[in-house]
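The sequence lines fix the lettering, A, B, ..., with proteins before strands; numbering per chain opens at 1. Just the heavy atoms: all of them, side chains too, but no hydrogens, waters or symmetry mates, feed the values below.
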Number of protein chains: 4
Amino acid sequence: MTTPVRSAPPGRPRDPRIDRAVLRAAEELVVEVGYADLSVGAIAERAGTTKPAIYRRWPGKAYLVHEAAFPDTAPGPAPDDGPLADDVRAMVSACRDVFARPVARAALPGLLAEVAGDPVLNGAVLARFRAGTWGAMHDRLTRAVATGEARPGVDPDVLIETVGGATLLALLNRPDGVLDDAWVERLTTLLLGGLLPEPG
Amino acid sequence: MTTPVRSAPPGRPRDPRIDRAVLRAAEELVVEVGYADLSVGAIAERAGTTKPAIYRRWPGKAYLVHEAAFPDTAPGPAPDDGPLADDVRAMVSACRDVFARPVARAALPGLLAEVAGDPVLNGAVLARFRAGTWGAMHDRLTRAVATGEARPGVDPDVLIETVGGATLLALLNRPDGVLDDAWVERLTTLLLGGLLPEPG
Amino acid sequence: MTTPVRSAPPGRPRDPRIDRAVLRAAEELVVEVGYADLSVGAIAERAGTTKPAIYRRWPGKAYLVHEAAFPDTAPGPAPDDGPLADDVRAMVSACRDVFARPVARAALPGLLAEVAGDPVLNGAVLARFRAGTWGAMHDRLTRAVATGEARPGVDPDVLIETVGGATLLALLNRPDGVLDDAWVERLTTLLLGGLLPEPG
Amino acid sequence: MTTPVRSAPPGRPRDPRIDRAVLRAAEELVVEVGYADLSVGAIAERAGTTKPAIYRRWPGKAYLVHEAAFPDTAPGPAPDDGPLADDVRAMVSACRDVFARPVARAALPGLLAEVAGDPVLNGAVLARFRAGTWGAMHDRLTRAVATGEARPGVDPDVLIETVGGATLLALLNRPDGVLDDAWVERLTTLLLGGLLPEPG
DNA sequence: TGATAAGCGAGACGGTACGTCCGGTCTTGAG
DNA sequence: CTCAAGACCGGACGTACCGTCTCGCTTATCA
């Protein structure tokens, strides 16, 4: 009996070296020239291949860049234990680290623009983020609310959006793109304790 | 003593009807086709004028669209009195209202992408926002911190970035672009009281 | 020995329908609006294509129009036999016919202006004319001089320039552009008197 | 009683130095850059004045250039006596001299192109030429036909067109623009052979 | 082993949109 | 009514780039 394993598709298989070379070239180039001035032709040239070879693999610049800028990575240490405050601080810091990488700083704004108009791309990007730190954090927050470690009524999604959005805008506001630990501390404090002074 | 009279500049004055027609056309078209598929030529045609007339007035599509999508408006009622909680809720609501307008939803993602790579445009956009509700809110928060109405150590800029960023990402995450009052309430509560339950 | 086979050039081949549509559109439009008011964009629109498709085929308006106005044609019946007088008359008449066509009347003045400043175009236009009636006539005259049928010392090039130039100016001088057979007869008579050897 | 003499027009009179400076600038520039690349703005700048001052004086580039390239000149010695052969040779030579001047070589082709589409300009140019050598030659030829010095039936206009056209095309054919005396002799001989009545 | 099918480099194509040049006009303020 | 200064409007330009296509070849699976 033959195995139900999907057999190889007919025809010549793709050269995996091209995949790697293109992703690497895209990563380099988006940092050098920015998302808007990044052209598929230039990526092909840098990667030592041709435009059709790229378009066979990705539907367009956005799909390629989002994979190059946010490659599938190990989800990092699950922030599963310790006090909630430490976990939130770690989440803010991780988000800052991810968004502040040069390739992310270069790619994100343009990527967001394309995501807004392309539901398919939107789903791909969200899936990529959910598979990383955000997914783990969502679970952590949900549990925290259930156990009373966090104030009841807090929506994990709102918190995640808030952390991500604040980081994004903070980076856009600072031309040098530096978000130091003091900034992390300020945002964490605000999120944990709120704006109002504690009563009593 | 120099005369405060501003004499008319030399040369033929601009036709103000063109300014208005172009802004109006840009506003309509960005909603109809989206920022990426918006072309200066199409705006010119819709406005009944030509591309050079537009390039004389704005350096490029982004400068034009940011003015069309966020026109100079009356700064709104100064949120000067009342409890801080109400003022923050009003600020969140106002930010939601501004960003959720169809023209803003259509323009913002593309605009952010261009802002990230153009410091001049960045300054222009920030100035436009600071002249509106954000400026007033900044003052309000600064005073609140000084009087002890808000927790000491809170940075007004961080709060503003947080509100703006959270709104932005929330809109991007929801294809229908609907942010109801319950969402406003959830975000306001988080910002006012924080994530952690009150001690004691 | 090199293979005489001409392999297909690399890349996507041109769509020959575009060549035909553009030439046809140029021919029509130059008659309708004149050479000066003829724009490449208008030709492209009439032909149902775009400007780059035209610029890929011709370096500019002049090259396109000269091909549209004077397409490669069968070289006509060789004026090889018969009395020289008849052949000269036929040549004058043919020149009149070629230049008096509406498309030629519309295109020639502007074309001459550009030819004067562009040696490459100059060569292209001359080659086109030499491949037609003028080339055959040149040979005919050269032989006539050699056999004594024409006065010795006559320069075939001078005669051809003279016929062409006289026709050109005659057309420019007559707003209706009508050069009747009487005009052909007058010019032929003038030229023949000098061309034929004097009877003993 | 006031004199019926037309009094000076109201308002500030035109500055005649501007007329001269503009004509001179146009003459220089058309030689330097050619008719097609000649812009009214550049003429104004070179002349030390402005475009409106030029447009007040001439309806357009063509009118200005034709005056700059072919200024009103003394009609030259009337070719009234001497053998017809000498007069024709002088006419050919004079035509060559006029057309071969650098400014004429630069201006003529472009001028012809505009003349072809503008009856008013056409009349202006023709009048300018008729006032010069061509007018005198026309009279000379008419008399010659009447007295039998020239072959009966010769049309003076055809001869003039022939000389002008042959010269024009000869210049266009020669990139260096040199028409030497041998060329004059060849053309004259060709024309005279047909023009003179056959002896005996 | 040969047929089938897809990938590959090379490179040109069709077409959208760009940003600019310049011709001709208009306004202001002075003469 | 002219002048200088200068900006304005709009037609047309020639180009850059995107995404696709054609070609001749290579590399694999399947019959």
Q) Counting heavy atoms not belonging to R17(D), are there more than 12 under 6.0 Å from its CZ? A) no
Q: Classify the side-chain pair Y35(B)/E114(B) by whether it contains a donor and acceptor separated by less than 3.5 Å.
A: yes
Q. Reading nucleotides 10-15 of chain E from the 5' end, what letters show protein touch, with B for base, S for backbone sugar-phosphate only, - for no heavy atom under 4.0 Å?
A. BBBBBB
**Q.** Minimum heavy-atom distance between I43(B) and A25(B), given as atom pair plus value
**A.** O-CB, 3.8 Å
Q | Between C1' of dG14(F) and CG of L64(C), the distance in whole Å | A | 15 Å
Q: Taking only heavy atoms on the protein side, list every residue of residues 29-46 of chain D lying under 4.0 Å from any atom of DNA chain F, sorted numerically.
A: none
(Q) Atom CD of residue position E32(A) - does it have more than 12 heavy atoms of other residues, nucleotides or ligands inside 6.0 Å? (A) yes
Q: Run through D37(D), L38(D), V65(D), V103(D) and flag the one making a side-chain contact (heavy atoms from CB on, under 4.5 Å) with L29(D).
A: L38(D)
Q | Shortest non-hydrogen contact from P71(D) toward A68(D) | A | CD-O, 3.8 Å
(Q) Expressed as a whole number of angstroms, how long is the span from Y55(D):OH to dC3(F):P? (A) 16 Å
**Q.** Whole angstrom value for the distance that separates C1' of dC26(E) from CZ of R17(B)
**A.** 13 Å
Q | Atom-to-atom span, CD1 of I54(B) to P of dC8(F) - whole angstrom | A | 14 Å
Q: For R24(D) and A47(D), indicate whether the former's side chain and the latter's backbone hold a donor-acceptor pair under 3.5 Å.
A: no
Q. Who pairs with D118(B) by salt bridge (Lys or Arg N to Asp or Glu O under 4.0 Å), at least two apart in sequence or on another chain?
A. none
